[in-house]
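Structure first, commentary second.
Here is how names work: the chains are called A, B, and so on, in the same order as the sequence lines, proteins then strands, and each is numbered from 1. Reckoned from all heavy atoms, side chains included, excluding hydrogens, waters and symmetry mates. Remember, predicted model here, so these are calculated numbers, not experimental data.
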Amino acid sequence: MKKLRRSFYTRSTIAVAKDLLGKIFIRKIGNSSLSGMIVETEAYLHTDPASHSYRGKTERNSAMFDTGGHLYVYFTYGMHFCANVVTSNKNTGEAVLIRAVEPIEGIEMMTKNRLLDDRRRHSDDRRLHTLTNGPAKFAQAFQLTRQQSGIDLTKSEMFIVDAGVNVRRMIVAGVRVGISAGKGKKWRFYLKNNPWVSKK
DNA sequence: AAGGCGATTGCCT
DNA sequence: GGCAATCGCCTTT
């Protein structure tokens with residue numbers, strides 16, 4: 001279990017988006033630990049009209065311009081958070097959106113986090129594959145909000161490790177989800193046949 | 001100062 | 001498959 005270091009994150013955004021698949025995202029909270037294998041990502045480049053960084057640095061997206069290895073969390077649709085891993089060098093403005101993980105540790109706490117504090121959820125959906133199969137679901141399960149935006153994944157209780165799983169042959173590339181500009185780019189990457197991937 | 005809309009989700013038809 | 005929920009950000013007056 002090797003913790004990913006700065007040099008992993010400061011490479012090209014597309015390379016990092018692919019290489020994050022199969023890695024384990026870990027967040028320590030007190031004595032407990034939340035973890036999941038990353039199974040779906042999307043790359044957002046600074047030259048890309050779909051990227052928050054396309055029109056330059058603002059207060060909202062400033063974490064995206066930090067050095068690779070930081071976290072960028074944003075608020076959207078008036079109710080959801082989504083988490084990104086910042087890539088490339090300082091002031092570049094590129095990141096990888098984590099769209100889905102396969103839960104490993106802390107499933108009970110994740111379930112609680114997903115059911116708790118959700119004004120829109122009236123049912124009691126406890127199916128495992130709906131726990132973290134989407135960017136806002138992942139953020140909610142791992143308790144990621146604006147408060148976590150800007151933290152350094154190489155120097156905190158939140159980090160990503162390489163468990164030595166080789167998923168290279170399972171990677172599929174496709175178009176990104178939910179954007180209106182930059183639709184042609186196949187910068188979404190996911191693991192073939194994994195049940196936690198948000199969309200086929 | 002105002003208005004449009006979003007890197008989504010869950011419920012309803 | 002369609003659409004409401006809900007609010008902060010950014011663009012346009």
Side-chain angles (χ1 to χ4, degrees), chain A residues 9 12-14 16-18 20-21 25 36 38-66 68 70-88 92-103 110-150 153 172-191 195-200:
Chain A
Y9 298 107
S12 94
T13 303
I14 295 196
V16 175
K18 290 180 193 167
L20 278 174
L21 296 175
F25 188 100
I38 299 169
V39 301
E40 181 181 354
T41 61
E42 281 178 359
Y44 286 90
L45 277 58
H46 76 281
T47 50
D48 169 15
S51 173
H52 291 170
S53 58
Y54 184 61
R55 292 167 204 283
K57 189 173 175 176
T58 65
E59 196 168 340
R60 180 202 194 200
N61 67 20
S62 65
M64 212 175 160
F65 288 81
D66 215 327
H70 286 75
L71 197 71
Y72 165 50
V73 184
Y74 67 86
F75 182 67
T76 191
Y77 292 106
M79 64 189 84
H80 296 303
F81 293 98
C82 295
N84 298 253
V85 173
V86 178
T87 56
S88 192
T92 305
E94 305 201 345
V96 174
L97 174 68
I98 299 182
R99 288 194 55 88
V101 306
E102 174 175 335
M110 290 186 208
T111 306
K112 222 175 273 176
N113 293 340
R114 290 269 292 122
L115 294 172
L116 217 70
D117 194 37
D118 189 341
R119 276 169 277 178
R120 303 223 41 243
R121 175 174 288 252
H122 302 298
S123 71
D124 190 17
D125 186 353
R126 288 170 185 279
R127 291 171 298 167
L128 199 52
H129 77 275
T130 64
L131 191 56
T132 51
N133 63 336
K137 295 182 187 179
F138 162 68
Q140 190 179 30
F142 279 70
Q143 293 180 41
L144 301 173
T145 68
R146 253 187 297 259
Q147 293 203 319
Q148 282 68 44
S149 195
L153 295 171
V172 183
V175 295
R176 293 172 294 177
V177 177
I179 54 171
S180 51
K183 279 181 172 163
K185 312 285 188 188
K186 293 193 170 178
W187 289 346
R188 170 172 174 254
F189 306 99
Y190 61 93
L191 297 184
W196 280 270
V197 169
S198 66
K199 294 195 166 115
K200 275 191 280 186

Contacts of A:Ala100 that satisfy side-chain contact (heavy atoms from CB on, under 4.5 Å) - sequence neighbours left out: A:Val39, A:Glu40
Using modelled atom types and a 3.5 Å cut-off, is there a donor and acceptor pairing between side-chain atoms of [X] and backbone atoms of [Y]?
X: A:Thr132; Y: A:Val101; value: yes
X: A:Arg99; Y: A:Arg176; value: no
X: A:Gln143; Y: A:Asn113; value: no
X: A:Asn133; Y: A:His129; value: yes

Under-4.0 Å side-chain N/O to phosphate OP1/OP2 contact, A:Lys137 with B:dG10: yes
Distance test, side-chain N/O of A:Arg99 to OP1/OP2 of B:dT8, below 4.0 Å: yes
Nucleotide [N], atom [atom2] - distance to [atom1] of [X] in whole Å:
X: A:Arg188; N: B:dA7; atom1: CZ; atom2: C1'; answer: 12 Å
X: A:Phe75; N: C:dT6; atom1: CZ; atom2: C1'; answer: 7 Å
X: A:Gln140; N: B:dA7; atom1: CD; atom2: P; answer: 19 Å
X: A:His129; N: B:dG10; atom1: NE2; atom2: C1'; answer: 13 Å
X: A:His80; N: B:dG10; atom1: NE2; atom2: P; answer: 7 Å
X: A:Leu71; N: B:dA7; atom1: CG; atom2: C1'; answer: 15 Å
X: A:Phe81; N: B:dT9; atom1: CZ; atom2: C1'; answer: 15 Å
X: A:Tyr77; N: C:dC3; atom1: OH; atom2: C1'; answer: 13 Å

Touch class at under 4.0 angstrom, heavy-atom based, for A:Leu97 against every strand present: base
Touch class at under 4.0 angstrom, heavy-atom based, for A:Ala136 against every strand present: sugar-phosphate
Is_stacked (A:Tyr74, B:dA7) at 5.5 Å, 30 deg: no
P-based separation of C:dT6 from B:dA2 [nearest Å]: 23 Å
Residue of the set A:Leu20, A:Thr92, A:Val96 for which side chain to side chain contact (heavy atoms under 4.5 Å, CB included) holds with A:Thr87: A:Val96
Sole residue of A:Leu97, A:Asp48, A:Val175 in side chain to side chain contact (heavy atoms under 4.5 Å, CB included) with A:Trp187: A:Asp48
Pairing pattern in dot-bracket form [Watson-Crick, G-U; both distances under 3.5 Å; | = partner strand] for DNA chain B: ||||||.|||||.
Test item: A:His52 and A:Tyr72 side chains (from C-beta on) under 4.5 Å apart, heavy atoms: yes
Approximate separation, where rounding is to 0.5 Å, of A:Phe138 CZ and A:Ile38 CD1: 6.5 Å
More than 12 heavy atoms of other groups within 6.0 Å of A:Phe75 CZ: yes
Nearest-nucleotide pick for A:Arg114, side chain only, options being B:dA7, B:dG10, C:dG8: B:dG10
Near-strand residues of residues 52-60 of chain A, defined as heavy-atom separation under 4.0 angstrom from DNA chain B: A:His52
